[in-house]
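Notes for the one structure printed next.
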Amino acid sequence: MLKNPAQKYRQFAPINLSERTWPSKTITHPPIWLSTDLRDGNQALMEPMNIDKKVRLFKLLINIGFKEIEVAFPSASQTEFDFVRHLIEEKLIPEDVTIQVLTPAREHLIRRTFEALHGVKRAIVHLYNATSSVFRRTVFGLDCPQTINLAVTATQLIKELATEQPNTHWQFQYSPETFTATELNFAKEICDAVLEVWQPTPQNKAIINLPATVEVATPNVFADQVEWMHNNLKFRDSLTLCVHPHNDRGCAIAAAELAQMAGAERVEGCLFGNGERTGNVDLVTLALNLYTQGIHPGLDFSNINEVARTIENCTQLPIHPRHPYVGDLVFTAFSGSHQDAIKKGFAVQQPNTFWEIPYLPLDPKDVGRSYESVVRVNSQSGKGGIAFLLEQDYNLVLPRRLQIEFSQIVQTVMDATGKEMSSSDLWQLFEKEYLQQQEPFQYVSHQIYQSEENQGLWATLQKNGETIAIHGEGNGPIDAFVNALDLGVRIYNYSEHSRNRGSNADAVAYVEIVGDSISSSLHGIGIHSNIVTASFIAILSAVNRAVKTEVSLTKHL
């Protein structure tokens with residue numbers, strides 16, 4: 001890299017727009033959407049789609065809700081031409097969908113484009129020629145009047161050819177390609193010139209498309225350019241002002257949103273940002289940005305996984321796992337502090353209220369995703385995430401101190417393996433640590449009776465494989481059971497809940513024991529259809545865990 005890049009690169013000059021209005025505006029409704037996945041997106045692929053894949057993607061776009069779809073560059077190849085013919089001849093285009101095709105300002109290519117469109121009911125013919133000074137000078141060797149003449153001559157031909165097919169509803173679109181690097185006065189001049197030929201009306205509007213063919217400045221500069229054109233173009237009430245942002249600076253989403261504030265009514269782009277170089281603007285992100293602001297985008301992404309897998313299959317391009325709203329990890333938190341906040345958010349979120357879950361701007365269920373992947377556990381995770389997974393998948397509401405204890409056990413395993421733990425991995429570890437602790441004591445049965453002042457209890461246990469009977473009294477069955485064990489332990493905390501609903505619901509009991517022979521408190525868990533039995537199993541779980549670690553308690557046995 002150069003120490004002084006200013007020797008090689010110019011800073012883009014700002015736009016002199018002293019009375020700009022877009023900064024104080026907000027987006028209140030969706031734009032007209034145009035998907036160019038089948039054209040701009042397709043020409044960016046190492047292996048362009050065949051007709052079968054293009055048909056599959058075309059049907060997906062229709063199901064999502066696109067009413068305008070740029071389907072091909074029919075003069076570019078026989079495959080492109082044949083695809084347009086296939087759509088028309090097989091009657092695959094719904095009545096309310098308009099296909100769009102692209103053509104450069106060259107006579108034989110325009111004629112070939114109209115051949116492809118023969119018999120179509122509705123079509124947008126999208127004409128373009130490059131207008132920036134570097135293209136005029138370096139690529140085409142044309143001055144400004146010659147560049148305008150090229151566009152005007154092409155527009156006249158398109159109008160003539162459209163007249164020859166009166167059964168088709170034609171709409172005209174013009175793009176001053178490389179608009180962002182074109183002098184604004186010249187961009188207006190060439191757009192006005194083609195509109196003078198086309199003569200649009202409020203009933204049959206033309207489309208002026210302003211492409212950020214290469215993103216050359218910050219999004220606010222692009223918004224200024226769009227607002228200037230919005231304020232100065234002729235035939236403004238007979239135009240749909242459109243933008244086609246690319247992502248060279250990584251700002252296409254912001255550029256498209258600010259452009260709408262500046263007067264753009266239509267946006268062209270691709271699902272997931274496919275397109276040449278760094279891609280076109282990402283229509284999925286744009287649409288779901290609107291959705292999270294309470295504005296329905298008019299596109300349906302209720303099954304985002306199907307959309308993503310279809311695009312990946314058709315384009316052979318993977319979707320980044322952290323892609324906004326869609327990536328496989330985008331709703332996933334590994335960080336302990338994030339997991340804790342998400343868990344607390346779910347705990348207080350009420351049905352039919354505004355969505356307010358920390359770190360989750362969108363409810364995953366709205367796009368057909370489950371909560372299963374919201375929290376995943378690795379070495380960066382904490383007690384909140386672990387507790388969330390056990391509650392979400394296994395209906396265990398762990399007390400806070402038990403969360404801390406079990407998270408330390410999980411962390412030890414994570415540090416040893418360095419790998420992620422799934423929900424089922426956590427459950428297996430939880431079972432092993434708390435539910436499968438049956439040595440030295442295992443519950444068999446019990447019988448409770450009422451004495452004059454206390455409750456009494458007879459219980460049968462297995463101790464190291466030998467059947468024993470114990471007896472005790474206390475102010476309740478749990479107190480009587482602890483006294484019957486006679487191990488010098490006390491119940492420090494106790495809680496319980498139903499694990500599921502219905503007559504066959506399991507009860508879960510959590511106990512935390514302390515004692516003179518125990519260096520620190522330990523938890524035990526019991527699960528049984530009877531809550532008293534579950535409590536006794538939980539006490540034995542805690543005692544058995546203590547026996548493994550506490551020498552003094554082992555001696556007491």
**Message:** Please determine whether the number of non-hydrogen atoms from other residues, nucleotides or ligands lying under 6.0 Å from atom CG of Asn16 exceeds 12.
**Reply:** no
**Message:** I'd like to know if the side chain of Ser422 pairs up with that of Asp425 as donor and acceptor (distance under 3.5 Å, no hydrogens or angles considered).
**Reply:** yes
**Message:** If you apply the rule side-chain contact (heavy atoms from CB on, under 4.5 Å), what do you find for Leu102 with Asp40, and how did you get there?
**Reply:** CA-CA 10 Å; Leu102 183 71; Asp40 206 342; over 6 Å; no
**Item:** Atom pair OG/CD of Ser35 and Gln100 - distance to nearest 0.5 Å
**Value:** 10.0 Å
**Donor-acceptor contact below 3.5 Å, side chain Arg369 vs main chain Val326** = yes
**Prompt:** Would a distance-only check, ignoring hydrogens and angles, find a side-chain to backbone donor-acceptor pair under 3.5 Å from Asn280 to Gly269?
**Reply:** no
**Prompt:** Side chains of Leu398 and Phe430: does their closest heavy-atom pair fall under 4.5 Å?
**Reply:** yes
**Message:** So for atom NE2, which belongs to His296, do other residues, nucleotides or ligands contribute more than 12 heavy atoms lying within a distance under 6.0 Å?
**Reply:** yes
**Message:** Please check this pair: side chain of Trp33 against backbone of Gly65, looking for a donor-acceptor N/O pair closer than 3.5 Å.
**Reply:** no
**Message:** Donor-acceptor pair, distance only, cut-off 3.5 Å: does the side chain of Arg545 make one with the backbone of His523?
**Reply:** yes
**Prompt:** Between the side chains of Thr278 and Asn247, is a donor N or O closer than 3.5 angstrom to an acceptor N or O?
**Reply:** no
**Message:** Within the 4.5 Å heavy-atom criterion, are Ser535 and Glu496 side-chain neighbours or not?
**Reply:** no
**Request:** Measure the CG-CD1 distance between Leu241 and Ile208 for me, rounded to the nearest 0.5 Å.
**Result:** 8.0 Å
**Request:** For residues Asp393 and Trp427, determine if any side-chain heavy atom of one lies less than 4.5 Å from a side-chain heavy atom of the other.
**Result:** no
**Item:** Minimal non-hydrogen separation, Phe58 against Leu87, with atom names
**Value:** CD2-CD2, 3.7 Å
**More than 12 heavy atoms of other groups within 6.0 Å of Tyr291 OH** = no
**Asp224 and Trp22 side chains, donor-acceptor separation under 3.5 Å** = yes
**Message:** Parallel, tilted or perpendicular: which one describes the rings of Phe172 and Tyr174, with boundaries at 30° and 60°?
**Reply:** parallel
**Message:** Rounded at 0.5 Å granularity, tell me how far CG in Asp248 sits from CD in Glu215.
**Reply:** 6.0 Å
**Message:** Rounded to the nearest 0.5 Å, what separates atom CZ in Phe406 from atom CG in Leu429?
**Reply:** 4.5 Å
**Request:** Check whether any side-chain heavy atom of Phe301 lies under 4.5 Å from a side-chain heavy atom of Leu271, and answer yes or no.
**Result:** yes
**Asked** For the side chain of Arg249 and the backbone of Ala217, is there at least one donor-acceptor N/O pair under 3.5 Å apart?
**Response** yes
**Request:** Provide the closest heavy-atom pair for Glu405 versus Leu522 in the form atom of the first, atom of the second, distance.
**Result:** OE1-CA, 3.6 Å
**Fill in**
Tightest non-hydrogen contact, residues Ala507 and Ile531, listed as CB-CD1, 3.6 Å
**Request:** Could you walk me through whether Glu433 and Ile525 pass side-chain contact (heavy atoms from CB on, under 4.5 Å), step by step?
**Result:** CA-CA 10 Å; Glu433 184 65 33; Ile525 293 98; over 6 Å; no
**Message:** Tell me the closest heavy-atom pair linking Asn209 and Pro176, and the distance in Å.
**Reply:** O-CD, 3.1 Å
**Message:** So that I know where these two stand, are Tyr510 and His497 an aromatic pair - ring centroids less than 6.0 Å apart?
**Reply:** yes
**Asked** What closest approach, in Å, do Pro358 and Ile342 show between heavy atoms, and which atom pair accounts for it?
**Response** O-CG1, 3.3 Å
**Message:** Quick check: do Ile27 and Gln293 have side-chain heavy atoms less than 4.5 Å from each other?
**Reply:** no
**Request:** Start with the C-alpha gap between Phe346 and Glu391, add the side-chain angles, then the distance that decides, and say whether side-chain contact (heavy atoms from CB on, under 4.5 Å) holds.
**Result:** CA-CA 11 Å; Phe346 272 107; Glu391 180 174 351; over 6 Å; no
**Asked** Hey, is the main chain of Leu540 close enough, under 3.5 Å, to the side chain of Gln437 for a donor-acceptor pair?
**Response** no
**Message:** I'd like to know if the side chain of Lys54 and the backbone of Leu38 have a donor-acceptor N/O pair within less than 3.5 Å.
**Reply:** yes
**Message:** Test your reading of the model: is there a side-chain donor-acceptor pair from Gln428 to the backbone of Ser423, 3.5 Å cut-off?
**Reply:** no
**Asked** Hey, is the main chain of Met49 close enough, under 3.5 Å, to the side chain of Asn42 for a donor-acceptor pair?
**Response** yes
**Message:** Are Pro245 and Leu258 packed together at the side-chain level, in the sense that at least one heavy-atom pair is separated by less than 4.5 angstrom?
**Reply:** no
**Asked** Hey, are Tyr394 and Glu431 close enough side-chain-wise for a donor-acceptor pair under 3.5 Å?
**Response** no
**Asked** Are Arg39 and Glu80 close enough for a salt bridge, meaning some N to O gap below 4.0 Å?
**Response** no
**Message:** Which heavy atom of Ala259 sits nearest to which heavy atom of Val243, and what is that distance?
**Reply:** CB-CG1, 3.8 Å
**Item:** Between Thr21 and Glu227, a side-chain donor and acceptor under 3.5 Å
**Value:** yes
**Request:** Indicate whether the side chain of Asn313 and that of Arg56 have a donor and an acceptor atom separated by less than 3.5 Å.
**Result:** yes
**Prompt:** Got Ile539 and Ile491 here, is their nearest side-chain heavy-atom distance under 4.5 Å?
**Reply:** yes
**Request:** May I ask you to decide whether Arg236 forms a salt bridge with Glu265, counting only side-chain N to carboxylate O separations under 4.0 Å?
**Result:** yes
**Message:** What verdict does the side-chain contact (heavy atoms from CB on, under 4.5 Å) test give for Phe179 and Thr213, after you've listed the backbone C-alpha separation in whole Å, the side-chain angles of each residue and the deciding distance to 0.1 Å?
**Reply:** CA-CA 7 Å; Phe179 163 75; Thr213 309; 5.8 Å; no
**Prompt:** Do Val214 and Thr178 have side-chain heavy atoms sitting under 4.5 Å apart?
**Reply:** no
**Item:** Gap between atom CD1 of Ile32 and atom OG1 of Thr240 - 0.5 Å precision
**Value:** 5.0 Å
**Request:** Answer yes or no: is there a donor N or O on one side and an acceptor on the other, between the side chain of Ser541 and the main chain of Ile537, under 3.5 Å?
**Result:** no
**Message:** How about NZ on Lys59, more than 12 heavy atoms from neighbouring residues, nucleotides or ligands closer than 6.0 Å, or not?
**Reply:** no
**Item:** Other residues, nucleotides, ligands: >12 heavy atoms within 6.0 Å of Lys205 NZ
**Value:** yes
**Prompt:** Distance only, no hydrogens: is a donor on one side chain within 3.5 Å (strictly under) of an acceptor on the other, for Glu268 and Thr36?
**Reply:** no
**Message:** What's the separation between atom CD1 in Ile124 and atom CD in Glu68, rounded to the nearest 0.5 Å?
**Reply:** 4.0 Å
